[in-house]
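Just the heavy atoms: all of them, side chains too, but no hydrogens, waters or symmetry mates, feed the values below.
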Amino acid sequence: QVQLVESGGGLVQAGDSLRLSCAASGLTFSTFAMGWFRQAPGKEREFVAAINWSGGTTYYADSVKGRVTISRSNAKNTVYLQMNSLKPEDTAVYYCAADRTSTIHTTVLEYGYWGQGTQVTVSS
């Protein structure tokens with residue numbers, strides 16, 4: 001059974017940093033690309049960042065580029081999202097997801113497994 005468990009969310013002030021983690025089990029982690037998405041109240045789930053199977057290629061949404069870094073440890077079956085200079089508009093539930101392949105995609109349908117999400121709230 002595949003499980004993705006996010007952690008690291010919380011309530012922070014604008015300008016602060018957070019590091020989200022996603023621990024994966026039940027799949028051969030090193031063979032899948034991984035992604036982070038977010039969903040704010042009343043809005044559709046949107047792509048944030050993705051990383052390929054080896055960690056050698058990453059891709060970011062324009063809205064977070066320069067403020068966010070995605071990384072992974074295949075030894076620990078974990079993917080991370082370091083978020084700096086947080087803004088109130090970053091407030092959302094953040095979801096970790098495993099792609100259906102080893103290469104990067106940015107759409108929800110390309111991801112086969114999802115975590116339960118972790119809330120990030122940024123106050124102004």
Side-chain angles (χ1 to χ4, degrees):
Q1 180 182 356
V2 176
Q3 282 194 313
L4 301 176
V5 180
E6 301 97 335
S7 61
L11 172 62
V12 297
Q13 294 187 333
D16 285 350
S17 298
L18 273 179
R19 188 195 197 202
L20 306 184
S21 299
C22 171
S25 61
L27 76 170
T28 308
F29 181 76
S30 62
T31 64
F32 292 96
M34 298 295 295
W36 285 96
F37 288 75
R38 67 186 182 186
Q39 189 166 17
K43 295 187 176 181
E44 293 188 352
R45 193 167 297 189
E46 65 174 4
F47 170 78
V48 176
I51 189 167
N52 76 331
W53 68 275
S54 68
T57 303
T58 56
Y59 190 78
Y60 299 94
D62 288 343
S63 58
V64 302
K65 200 172 295 182
R67 301 187 296 119
V68 165
T69 302
I70 188 171
S71 60
R72 67 189 294 161
S73 168
N74 287 343
K76 296 182 179 180
N77 285 6
T78 302
V79 61
Y80 306 96
L81 189 70
Q82 176 68 44
M83 302 189 293
N84 302 322
S85 303
L86 283 162
K87 305 175 181 180
E89 51 263 44
D90 293 319
T91 295
V93 177
Y94 282 72
Y95 296 91
C96 165
D99 198 303
R100 299 180 192 275
T101 74
S102 61
T103 55
I104 288 176
H105 296 95
T106 62
T107 58
V108 169
L109 290 178
E110 298 289 349
Y111 289 78
Y113 301 103
W114 294 83
Q116 82 289 348
T118 185
Q119 176 71 47
V120 172
T121 303
V122 185
S123 64
S124 57

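- At most 12 non-hydrogen atoms from other residues, nucleotides or ligands lie less than 6.0 angstrom from NZ of K43.
- To the nearest 0.5 Å, atoms OH (Y60) and CZ (R67) are separated by 12.5 Å.
- Hydrophobic clustering places V93 together with W114 (ILVMFWY residues linked when any side-chain heavy atoms are closer than 4.5 Å, directly or through intermediates).
- A single hydrophobic cluster is not seen to contain both I104 and L4; linkage of ILVMFWY side chains at heavy-atom distances under 4.5 Å, directly or through other members, places them apart.
- For E6 (side chain) and T118 (main-chain N/O), no donor-acceptor pair under 3.5 Å exists by modelled atom type.
- Annotation: F32 is not in aromatic contact with Y113 [ring centroid separation under 6.0 Å not met].
- Side chains of S30 and T28 form a contact here, defined as non-hydrogen atoms less than 4.5 Å apart.
- The line from CZ of R72 to OG1 of T58 is 12.0 Å long, rounded to the nearest 0.5 Å.
- Of all heavy-atom pairs spanning A33 and T103, the tightest one is CB-O, 3.3 Å.
- With hydrogens and angles disregarded, a donor-acceptor distance shorter than 3.5 Å links the side chain of N74 to the backbone of W53.
- A heavy-atom distance below 4.5 Å is not found between the side chains of V108 and E44.
- A distance-only check finds no donor-acceptor pair linking the side chain of Y111 to the backbone of W36 [under 3.5 Å].
- Rounding to the nearest 0.5 Å places OG of S124 at 10.0 Å from CD of E89.
- In terms of heavy-atom proximity, Q119 sits nearest to T91 at NE2-CG2, 4.0 Å.
- From S102, atom OG reaches atom CE of M34 across 13.0 Å, with rounding to the nearest 0.5 Å.
- Note that SG of C96 is 9.0 Å distant from CD of Q116, once rounded to the nearest 0.5 Å.
- A heavy-atom distance below 4.5 Å is not found between the side chains of F47 and E110.
- Taking every heavy atom of both residues into account, G115 and Y95 meet most closely at O-CD2, 3.6 Å.
- Contact between L18 and G8 at its shortest, heavy atoms only, is CD2-O, 3.5 Å.
- With values rounded to the nearest 0.5 angstrom, S123 atom OG is found 8.0 Å from D16 atom CG.
- Residues R38 and D90 approach most closely at NH1-OD1, 2.9 Å, considering heavy atoms.
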Sequence neighbours left out, cut at 3.5 Å: what donor-acceptor pairs do the side chains of residues 76-83 make with other protein atoms?
| unit_1 | atom_1 | unit_2 | atom_2 | d |
| --- | --- | --- | --- | --- |
| T78 | OG1 | K76 | O | 2.8 |
| Q82 | NE2 | N84 | OD1 | 2.9 |

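- Linking Ile, Leu, Val, Met, Phe, Trp and Tyr residues whenever their side-chain heavy atoms come within less than 4.5 Å places Y59 and F37 in a single cluster.
- Residues V2 and F29 share a hydrophobic cluster, clusters being chains of Ile/Leu/Val/Met/Phe/Trp/Tyr side chains in contact below 4.5 Å.
- Residues Y94 and L20 share a closest heavy-atom pair of CB-CD1, 3.6 Å.
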